Amino acid sequence: DVSKAKEMAAIETEKFQNMVSSIGADTIQAIATAGPEMQVKLLQSLGLKSTLITDGSSPINLFSTAQGLIGALQQPTYE
């Protein structure tokens, strides 16, 4: 149902906007410039399970990224 999808998208958009406005630009900048270990701690404290932070200057190949995630979930084969 298209109207339900639009309604859910509006809810998620509002949720994201509220989170960003409550966090503030300084905190978002701190997360972006922090080292990997600190980024994990900061993002976990926000309740985020996964995220992708980029400055937008380099393209991201989401196909290879997804393949890496899927590959990590596959069971090892024994010969």
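Along the sequence shown, the residues carry numbers beginning at 1. Please read all numbers here as calculations on a predicted model, not as lab measurements.
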Quiz item: Does anything in residues 3-16 pair up under side-chain hydrogen bond (donor to acceptor under 3.5 Å, both in side chains), and if so which pairs, sequence neighbours excluded?
Solution: Asp1-Ser3
Quiz item: Are there more than 12 heavy atoms of other residues, nucleotides or ligands under 6.0 Å from atom CE of Met19?
Solution: yes
Self-check item: Non-neighbouring partners of Ile28 that pass side chain to side chain contact (heavy atoms under 4.5 Å, CB included), sequence neighbours left out
Solution: Val20, Ile23
